[in-house]
Amino acid sequence: MRSSINFSQFFSGNARRGTFKHGVHPPENKDETNGLPIRQFPFSPLIILPTVQNIGSPSEIVVREGQEVNRGQLLAKATGYMSVPLHSPESGIIRKIKNVPTISGKMVPGIYLEALPSSTQEVMDGTPVELESATREEILQGIQDAGIVGLGGAAFPTHVKLKVPDGKVCEYLMINGIECEPYLTTDHRVMLEQADDIFMGIRYLLKSTGAPKAIIGIEANKLDAAEHLRSNIPEDLPVTVEVVPVKYPQGSEKMLITSVLGREVPSGGLPIDVGVVVANVATTAEIGRLLPHGRGIQERVITITGPGVKKKGNYLVPIGTPLRYVLEQVEAAENISEVYMGGPMMGVAVSNLDISIVKGTSGIVVFTSEDVKRPTKIYPCIKCGACVDACPMTLNPSKLGILAKFESYDLMADEYNLLDCFECGSCSYVCPSHIPLVQYFRLSKSIVRKRIVARKELEYVQ
Amino acid sequence: MSDQKLTISTSPFLKDAATTPGIMWKVVFSLLPVVIASSYYFGVGALVTTAVAIISCVLTEWFFSPRSAYSISDGSGVITGILLAMTLPPGFPLWMTFIGGIVAIGMGKTIWGGLGQNIFNPALLGRAFLQAAFPTAITTWNLPDGAFLDVQASQLAMPFMQSQADVVSSATPLAVMKFDKVETNTWDLLTGNIGGSLGETCGILLILAMVYLISVKIIKWQIPVSILLTVGILSLVFYLLDANNYPSPQFMILSGGLLIGAVYMATDLVTSPITPSGLWIYGIGIGILVVLIRLWGGLPEGVMYAILLMNAATPLINRYTAVRTYGYKK
């Protein structure tokens with residue numbers, strides 16, 4: 001896979017095959033949890049389920065207040081193609097249907113579910129999707145019906161992502177087991193403990209994408225997982241395991257494809273444009289576990305860690321468990337000052353502990369006021385080029401940052417490819433002047449997108 | 001456990017340890033041996049010159065940008081002061097040094113908008129001004145006149161007055177080469193036992209500083225390496241053609257301000273290119289200009305002008321060597 005550095009690469013700073021260009025090495029901090037097996041998290045007496053848990057349109061509630069529901073029962077149905085249903089994570093009684101808080105601060109329609117203490121919490125089965133007889137469309141439908149979204153954190157509806165458009169051919173199914181976010185070890189544990197589910201999921205995915213071959217990409221800090229999967233590959237399954245160097249943001253699907261296959265996803269394009277469909281490894285395991293029973297997703301593996309947590313670990317947490325309950329159970333410190341959902345590089349800071357765990361929550365990282373020492377002073381850009389050498393998309397964050405300060409958003413998009421930024425945060429991480437580069441770019445991108453929409457509307461009127 | 005005191009910010013929540021003041025103070029640290037060596041060769045007067053240059057630069061910075069207090073603590077003014085002093089001849093009048101510092105920071109930095117905004121290296125801009133304003137003083141290479149603790153009389157000259165002191169003037173290796181075609185031996189060039197500006201004489205220390213700065217990733221290795229390679233290769237060609245008229249490559253590399261320029265001035269983060277191939281174009285450009293000026297120009301030394309000229313070309317180099325964005329056609 002790897003070739004020696006050639007002349008032109010040497011002078012242009014190009015990466016060799018086997019990795020992508022640039023990237024950063026934040027401290028990994030995975031050692032505290034990567035050896036801890038997945039444990040069932042206690043059932044919360046109250047479950048709060050927002051109907052907005054994924055990218056796309058929200059689910060529509062199909063139960064009424066006072067109704068008794070079983071674990072696994074459908075609570076809200078999909079409202080279109082870019083939507084997934086919601087299943088009950090516990091057996092209990094629907095107490096209330098009203099607006100609930102979410103991490104973005106927005107209130108959305110949601111369900112308050114009170115657990116029945118006497119219930120056995122047995123899971124309801126639905127109509128199984130038979131691997132042998134199901135068509136491509138039936139598998140995708142089954143994935144949608146199971147309410148599965150990207151569990152790596154993006155929460156994009158998986159059946160949409162897996163759909164191979166007409167005229168395109170999927171050469172490789174790429175299973176993303178990179179988990180490059182510091183602190184998080186959920187995918188690591190899933191690979192060690194749920195190999196059979198992963199391989200079953202791969203069978204479904206190979207069939208639905210039509211790919212002849214699957215590749216599991218794993219970062220070199222999880223060699224035990226790579227070895228475990230390699231030695232358990234079923235003989236009839238065309239799967240290989242590729243180990244790639246540890247580097248953030250290796251887990252981005254573009255970077256993964258470049259590292260393993262040496263292909264570049266074109267600007268504005270999708271992995272299928274270079275013949276690849278990518279699925280997260282935990283999502284794959286979920287598909288392999290749920291589809292044979294026709295079940296819906298009710299729980300997910302979450303790494304709960306950080307200096308502010310006493311009982312660190314990887315837990316199987318019911319969707320909808322309130323964050324406050326979670327933190328109480330793991331004995332979070334009194335003086336917690338920062339809580340992130342997701343990893344510390346691309347996650348979201350929590351402003352309100354009354355929100356609940358959603359399908360996209362891959363980790364909860366907690367810091368106390370003693371642990372956080374964030375630089376407050378922003379120095380001018382000294383053109384050191386650290387961000388230029390960090391950007392995996394080979395953009396020029398230094399120039400983009402200067403233009404953002406001047407509000408030259410159109411110039412940023414037209415000349416400096418702003419919209420290719422996928423907000424990994426490597427530039428902000430390395431900047432010695434503490435310039436909030438990726439934060440500028442998020443803002444700039446949303447402004448540029450609004451301007452594009454406005455321009456289109458104008459053209460339409462004219 | 002309350003959410004009253006939760007801090008909200010946007011990701012990334014982790015931060016690399018490098019800071020801008022940290023980078024600047026590391027450069028200052030790497031310059032200390034050079035300053036000490038200059039006082040060893042040229043007496044305590046070298047330290048006085050350095051102190052005056054630093055004070056002048058920091059005062060100017062403070063005077064022109066009083067509200068942005070960080071400009072003093074970030075150490076960038078101190079670097080400019082030390083570098084300016086290191087490019088001045090021993091015995092250079094202190095009042096001229098002071099003016100040089102004012103020009104270096106005032107015209108070289110704050111007028112552009114302060115740290116990070118300037119086009120030219122401030123220390124070199126200050127020196128270029130001094131060379132234009134005081135051409136005699138800056139080409140008078142006084143030898144130390146005795147004991148280590150003696151400050152040269154010419155240093156203490158009153159502003160705008162002619163120094164009355166008699167000095168023993170010597171010539172730099174480059175001037176000797178240029179006008180007499182005599183080459184100084186390599187060992188003296190390496191150890192610094194020669195005439196020249198305060199900080200440029202001791203080749204070994206500058207090479208060590210280069211290794212240090214490259215190893216802590218403060219300067220990009222491509223710049224000094226491309227400059228030195230270009231000067232070495234070009235001068236080797238001419239040396240092989242006519243060894244009587246052209247100096248040897250090792251002499252070209254070790255003499256004059258080439259090493260201090262290649263290690264400290266050309267690598268100035270603010271005024272050098274940011275793109276990988278731009279670094280090579282910039283370094284090769286400096287190397288070619290140095291050789292052109294030294295071999296065929298009217299001046300014995302050309303490092304200062306070579307770097308300033310390529311500083312001016314840096315925005316253009318950045319523009320035309322921009323790296324292809326991921327996912328765009330090759």
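Of the listed residues (A:Ser337, A:Cys384, A:Gly343), the greatest number of heavy-atom pairs within a distance under 4.5 Å of chain B belongs to A:Ser337. For chain B, the option among A:Lys254, A:Lys383, A:His25, A:Met346 with the highest count of heavy-atom pairs below 4.5 Å is A:Lys383. When each of B:Gly22, B:Ala17, B:Pro21 is scored by its heavy-atom pairs under 4.5 Å with chain A, the top score falls to B:Pro21. Top candidate by heavy-atom pairs under 4.5 Å with chain B, chosen from A:Pro344, A:Gly385, A:Ala349, A:Ser398, is A:Pro344.
Side-chain contact of B:Thr20 with A:Ser433: a donor-acceptor pair under 3.5 Å is present, judged by distance alone. For the residue pair B:Tyr328/A:Ser267, the side-chain donor-acceptor check at 3.5 Å is satisfied.
There is no contact between B:Lys217 and chain A, counting heavy-atom distances below 4.5 Å. Heavy atoms of A:Pro436 lying under 4.5 Å from chain B are absent altogether. Only the side chain of A:Val388 comes within contact range of chain B, judged by heavy atoms closer than 4.5 Å. Interface residue A:Asp389: only side-chain heavy atoms are found under 4.5 Å from chain B. Looking at B:Ile23, the atoms closer than 4.5 Å to chain A (heavy atoms on both sides) all sit in the side chain, from C-beta outward. Residue A:Lys399 does not touch chain B at all, counting heavy-atom pairs closer than 4.5 Å. Interface remark: A:Ser369 contributes no atoms to any contact with chain B (heavy atom separation under 4.5 Å). A:Pro26 touches chain B through its side chain: at least one heavy atom from C-beta onward sits under 4.5 Å away, while N, CA, C and O do not. Residue contact with chain B, scored on non-hydrogen atoms closer than 4.5 Å, involves the backbone of A:Cys381 exclusively.
Within the 4.5 Å cutoff, side-chain heavy atoms of A:Pro182 are placed close to those of B:Leu14. Residues A:Thr394 and B:Arg324 fail the side-chain proximity criterion, which asks for heavy atoms closer than 4.5 Å. Side-chain contact check for A:Pro380 versus B:Gln117: some heavy-atom pair is nearer than 4.5 Å.
Annotation: the span from A:Gln439 atom CD to B:Ser11 atom OG amounts to 7.0 Å, rounded to 0.5 Å.
At distances below 3.5 Å, not a single donor-acceptor pair connects side-chain atoms of A:Lys21 with backbone N or O atoms of B:Tyr326. Side-chain atoms of B:Thr325 never come within 3.5 Å of backbone atoms of A:Asn417 as a donor-acceptor pair (strictly under, hydrogens ignored).
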What's the verdict on side-chain contact (heavy atoms from CB on, under 4.5 Å) for B:Thr10 and A:Arg442, showing C-alpha distance, side-chain angles and the deciding distance? CA-CA 10 Å; B:Thr10 51; A:Arg442 281 191 195 116; 3.5 Å; yes

Before you tell me yes or no, could you show the steps for A:Glu264 and B:Lys329 under salt bridge (Lys or Arg N to Asp or Glu O under 4.0 Å), namely the whole-Å CA-CA distance, both residues' side-chain angles and the distance that decides it to 0.1 Å? CA-CA 10 Å; A:Glu264 271 188 26; B:Lys329 287 209 173 66; over 6 Å; no

Output, in order, the C-alpha distance, side-chain angles, deciding distance and verdict of side-chain contact (heavy atoms from CB on, under 4.5 Å) for B:Leu115 and A:Ile382. CA-CA 7 Å; B:Leu115 178 63; A:Ile382 55 167; 3.8 Å; yes

Applying side-chain contact (heavy atoms from CB on, under 4.5 Å) to B:Leu6 and A:Glu338, what does each step give before you reach the verdict? CA-CA 5 Å; B:Leu6 285 180; A:Glu338 300 197 9; 5.9 Å; no

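When all heavy atoms of B:Phe13 and A:Val348 are compared, the pair lying nearest together is CZ-C, 4.0 Å. Of all the heavy atoms in B:Ala18 and A:His434, the pair that sits closest is O-CE1, 4.1 Å.
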